[in-house]
Amino acid sequence: MATIETVTGPIDAGELGTTLIHEHLRSRDEAVHEQWPQAKASGGIPEREHPGDGYEAAIEAAEAAVELGVRTICDPTAMFLGREVEFMRRVSEQTGLQVVPCTGIYTYDHLPPFFVGRDPDQIADLFVADIEQGIQGTEIKAAFIKCAADEPGVTENVEKVHRAAARASVRTGAPIMAHSRPASNTAPRQIEIFFEEGVEPAKVQIAHTGDTDDLDYIEGVLETGVWIGLDRYGLEMFLPYERRQATTLALLERGYVDRVFLSADSCGTIDWFPQDVIEQMLAAGAAKDWDIRIVHQRVIPDLREAGMTDDQLERMLVRNPVSWLTGS
Ligand SMILES: [Zn+2]
């Protein structure tokens, strides 16, 4: 049987179980943290305060997920989101939640001169080392490759990171998760780059496709053969819950159950905004129930009521993650 790398070592694919494909235990900028370690992140499961380095919040999120029957998360925390695999490993060991780590670079355009001065193959070498040897001096290996395109579109730097991700995927067989922005029509060009580099469609997941309910756009993406993430439940600022659900149901009706994932893109803590701004955003309705529990507490019961079958659910949460991660 194929194996899948987690932060506590490889597991048989059959042990993956119920999997949320896109959740962050902690999201913070590693350079800011290094230079101003006193700077605090905000957020976490909303009813509780979370000082400190985000460990307690990550534990709470992981425990909440386990209680709801989640066995595994894929955590796409890459460079610039503060990837720290020892942190992830401690959370996994304490809670029993299996955590699948990644390599890659999360940028909408900016790259440090280190990467500006190197070509895609040299960047791919670093990704491959994470996949084949281990991350940050550990034996923890990356299971997938993260990259991103957002409002600026597929800029020169973003294209370079996509080509590096693609080459690392071709060299190792590891799948790719590409953050996308439907409102900027990023997916078609992202997919085009992956295909130019020889990546198979089944290795590619276009994250955040569920930020639109434009079914023509979504079917255009699906027709290329890639996976899509319906993965930001609770982030009302990009698309309200009811429209996300209507989109998911329409895709199930049209027979795409074997190409989609459900998740929330939650963060145990995140450092993008100070706490008072987060509170203003929440008061303005930017997010609602946006945490690791939303898929099991709201999404699944509502989809069931609308006619989703147990088999469809099992595909989206168990079999699809195995297929994307192992290529089988
Ligand atoms: Zn994310």
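The basis for the numbers below is simple: all heavy atoms, side chains too, and nothing from hydrogens, waters or symmetry mates. In each ligand, atom 1 is the first atom listed, and ligand 1 is the first ligand listed. In this chain, residues are counted from 1 in sequence order.
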Q: Got a sec: is H22 within less than 2.8 Å of the Zn ion (ligand 1) via an N/O/S atom?
A: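 H22 does place an N, O or S atom closer than 2.8 Å to the Zn ion (ligand 1).
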Q: Do E159 and R163 meet the salt-bridge criterion of a basic N to acidic O distance under 4.0 Å?
A: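 E159 and R163: salt-bridged.
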Q: Run the salt-bridge test on R83 and E30 with the 4.0 Å N-O cut-off and return the result as yes or no.
A: no
Q: Quick one: is the NZ or CZ of R298 closer than 6.0 Å to the six-membered ring centre of Y241, and within 45° of its axis?
A: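 Yes; both conditions hold, so R298 lies above the ring face of Y241.
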Q: Using the side chain to side chain donor-acceptor pair (under 3.5 Å) definition, which of the options T19, D311, D258 pairs with R319?
A: D311
Q: Need the atom name: nearest N/O/S atom of H24 to the Zn ion (ligand 1).
A: NE2
Q: Identify, by name, the N, O or S atom of D265 lying closest to the Zn ion (ligand 1).
A: OD1
